[in-house]
Amino acid sequence: MSDGMLTADQVLVKQINKAIVLNTIQKNETVFRAEIAKKTGLNRSTVSGLVDELLADGLILETGIGISQGGRKPVILSINRNYGSIIGVDCGVNYILIVLTNFAGEILLERRIPVSAADLPEERIGLLKQLIQETINSAPSSVSGIIGIGICVPGIVNYEEGLILQTPNLNWHNVPLKKIIQDQFQIPVLIDNDANAGAIGEKWFGLGKKATDLVYLSAGIGIGTGVLIKNELYRGASGLAGEMGHVTIHMHGRRCSCGNIGCWEEYAAEKALLNFISENIGNYPATGFLDKHHIGQLTVFEIVQAAKAGDPLSIAALKHIGQQLGIGVANIINTFNPSTVIIGNTLAVAEEFILDELKAEVKARCFTAKYYPITIVCSALGIYAGAMGAASLILSRVFAAPVTQQKL
């Protein structure tokens, strides 16, 4: 072997170190070589060489001159926002939200359209292809074009294969979505469930940046959880962890769309909110905000609007859902001992009505929370948590091993 040839182990170490340097630059808006060495523990010559390679690859830029600490003024390094674009898609039960971000995760374009849960998989996929193509056509020019497409769905997903095993609220079974989209566009595609994507999105761009152990609760038409342990997404033995919406909380309760009886999401998701209103509409003063004959068509946004206007039934319904969410969150905290729980998806828009009720239930039911502080908040990403999380699937893969070293 020649002196200049690296062994396989040395190549791997270099790739890892390169990813560490890139990650450090991504997490710090203004940083220079000496700071990177200090933050990472790598020696300065190693950092300098890796930075030079990242500059040559176009992944980072020199963006200014820092203040001298007694020697030469340091050069400030930043992520190259125009290195490439990422498409993130939140394929919800009754909507599709698609965003185009730059390499720094800033939204450049977005589109949200309503869809029907009754759509056949081929109909939804056809629309998805159309929206992706329109987004590609509208993308600004960049060094590497579209780096990847991330898609999240509300269901059970084989992440490695990009296979949607089941979506209880959409009635999809064994849909090879990754292959379908990747074959269509010849762009790398990653698929995950909405809760996992939301957890990654919160870690990258939301309120979970500083948390090493967090749980993201996706509370909408269904309920799911994404669990980060020591900054890593916990997937379980077969990649299917986090289906907390389908834990049984009532042994002889309502039948869930998954086939089980008494699932948590039957009592704490959007359907439970509508059920409460339907069952109690005669027990509260009529204010005109809710029409008994259109309860099935009400949206969470309309109910929140009515609650803000003072409608007592809407307020009571949202507080009830907050309590039901709190029961499950207490179980989650007892199980995973996270430092942070972030509530996302549509029910998060009702923060002022549900959050205090949720916290009260946690305080009453969660014995572990008595011994350490826990942060429970609603997502700052709002309706974008899923789509930004989907985009983060691509970004996190790139930053784990730069695109020049590893295929997505």
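Between the side chain of Asn80 and the main chain of Gly58, a donor-acceptor pair closer than 3.5 Å is present. Not a single donor-acceptor pair under 3.5 Å links the side chain of Arg44 to the backbone N or O of Ser48. Counting only distance, with no hydrogens or angles, the side chain of Ser396 and the backbone of Leu393 share a donor-acceptor pair below 3.5 Å. A donor-acceptor distance shorter than 3.5 angstrom exists from the side chain of Thr225 to the backbone of Gly242, with no hydrogens or angles considered. Checked by atom type and distance alone, the side chain of Glu202 never pairs as donor or acceptor with a backbone atom of Ala199 at under 3.5 Å. For the pair Lys359 (side chain) and Val377 (backbone), a donor-acceptor distance under 3.5 Å is absent. Judged by distance alone, the side chain of Thr299 and the main-chain N or O of Glu302 form a donor-acceptor pair under 3.5 Å. A donor-acceptor pair under 3.5 Å is absent between the side-chain atoms of Asn158 and the main chain of Leu163, judged by distance alone.
Listed here is the closest heavy atom pair of Cys256 and Glu266: CA-OE2, 3.5 Å. Between Ile25 and Ile79, the shortest heavy-atom contact is CG2-N, 3.8 Å. Here the shortest heavy-atom pairing between Ala348 and Cys378 reads O-SG, 4.0 Å. Among all heavy-atom pairs drawn from Val157 and Ile191, the shortest one is CG1-O, 3.9 Å. When all heavy atoms of Ile333 and Val341 are compared, the closest pair comes out as CG1-CG2, 4.1 Å. In terms of heavy atoms, Cys152 sits closest to Gly386 at SG-O, 3.5 Å.
Side-chain atoms of Gln182 and Gln186 form no donor-acceptor pair, as typed in the model, at a separation below 3.5 Å. Between the side chains of Thr46 and Asn43, at least one donor N or O lies within less than 3.5 Å of an accepting N or O. Defined by atom type and a distance below 3.5 Å, a donor-acceptor pair is missing between the side-chain atoms of Asn193 and Tyr159. Donor-acceptor pairing under 3.5 Å is recorded for the side chains of Asn334 and Thr368. With no hydrogens or angles considered, a side-chain donor-acceptor pair links Gln133 and Asn137 at under 3.5 Å. A donor atom on one side chain and an acceptor atom on the other are not found under 3.5 Å apart for Asn231 and Thr212.
Residues forming a side chain to side chain contact (heavy atoms under 4.5 Å, CB included) with Ile354 (at least two apart in sequence, or on another chain): Leu318, Leu325, Ala350.
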- With salt bridge (Lys or Arg N to Asp or Glu O under 4.0 Å) as the test, would you mind laying out the steps for Lys271 and Glu265 before giving the verdict? CA-CA 8 Å; Lys271 66 190 84 175; Glu265 76 172 39; 3.6 Å; yes
- Task: Check step by step if side-chain contact (heavy atoms from CB on, under 4.5 Å) holds for Val329 and Glu361.
- Result: CA-CA 9 Å; Val329 170; Glu361 289 297 325; over 6 Å; no
- Could you walk me through whether Phe353 and Ile315 pass the side-chain contact (heavy atoms from CB on, under 4.5 Å) check? CA-CA 7 Å; Phe353 302 103; Ile315 294 171; 4.1 Å; yes
- Under the side chain to side chain donor-acceptor pair (under 3.5 Å) rule, what do Tyr95 and Asp90 come out as? Steps first, then yes or no, please. CA-CA 8 Å; Tyr95 67 89; Asp90 181 359; 2.7 Å; yes
- Message: Applying side-chain contact (heavy atoms from CB on, under 4.5 Å) to Lys18 and Leu50, what does each step give before you reach the verdict?
- Response: CA-CA 6 Å; Lys18 197 171 183 180; Leu50 294 173; 4.1 Å; yes
- Item | side chain to side chain donor-acceptor pair (under 3.5 Å) between Asn345 and Ser218, worked out | CA-CA 5 Å; Asn345 211 325; Ser218 175; 2.9 Å; yes
- Query: Would Thr248 and Ile261 satisfy side-chain contact (heavy atoms from CB on, under 4.5 Å), going step by step from the backbone distance to the final call?
  - Reply: CA-CA 7 Å; Thr248 302; Ile261 292 175; over 6 Å; no
- Query: Between Arg111 and Glu134, is a salt bridge (Lys or Arg N to Asp or Glu O under 4.0 Å) present by the stated rule, with each step listed?
  - Reply: CA-CA 10 Å; Arg111 188 176 178 189; Glu134 291 173 357; 2.5 Å; yes
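Ser392 contributes atom OG, which lies 7.0 Å from atom CH2 of Trp204 (distance to the nearest 0.5 angstrom). Here the straight-line distance linking atom CG of Leu131 with atom CD1 of Ile98 works out to 5.5 Å at 0.5 Å rounding. Between the CG atom in Asn102 and the OG atom in Ser85 there is a gap of 7.0 Å [rounded to 0.5 Å]. The line from CG of Leu298 to CD1 of Ile303 is 5.0 Å long, rounded to the nearest 0.5 Å. Residue Leu170 holds its CG atom at 8.0 Å from CD1 of Ile221, rounded to the nearest 0.5 Å. Atom CD1 of Ile223 is separated from atom CD1 of Ile343 by 9.5 Å, given to the nearest 0.5 angstrom.
For residues 315-324, the pairs satisfying side chain to side chain donor-acceptor pair (under 3.5 Å) are Gln323-Glu357, with sequence neighbours left out.
You'll find the side chain of Val99 stays beyond 4.5 Å of the side chain of Leu109, heavy atoms only. Side-chain atoms of Arg33 and Asp52, non-hydrogen and from C-beta on, do get closer than 4.5 Å to each other. Residues Pro338 and Ile374 form a side-chain contact, since some pair of their non-hydrogen atoms from C-beta on lies under 4.5 Å apart. At a threshold of 4.5 Å between non-hydrogen side-chain atoms, the residues Ile321 and Phe276 do not count as touching. Arg124 has its side chain within reach of Ile96: a pair of non-hydrogen atoms, C-beta onward, lies under 4.5 Å apart. By the 4.5 Å heavy-atom criterion applied to side chains, Leu97 and Val89 are not counted as neighbours. Val362 has its side chain within reach of Ile376: a pair of non-hydrogen atoms, C-beta onward, lies under 4.5 Å apart. Counting only heavy atoms from C-beta outward, the side chains of Leu395 and Phe205 approach each other to under 4.5 Å.
With a 6.0 Å radius and a threshold of 12 heavy atoms from other residues, nucleotides or ligands, Tyr234 has its OH atom at or below the threshold. Other residues, nucleotides and ligands contribute over 12 non-hydrogen atoms within 6.0 Å of the OH atom of Tyr372. Annotation for Arg254: atom CZ counts as buried by contact number, over 12 foreign heavy atoms lying within 6.0 Å.
Comment: Arg235 engages Asp192 in a salt bridge, judged by a side-chain N to carboxylate O separation of less than 4.0 angstrom. Salt-bridge annotation for Lys308 and Glu352: present, with a side-chain N of the basic residue lying under 4.0 Å from a carboxylate O of the acidic one. Salt bridge annotation for Glu161-Lys179: absent, with no cationic side-chain nitrogen under 4.0 angstrom from a carboxylate oxygen.
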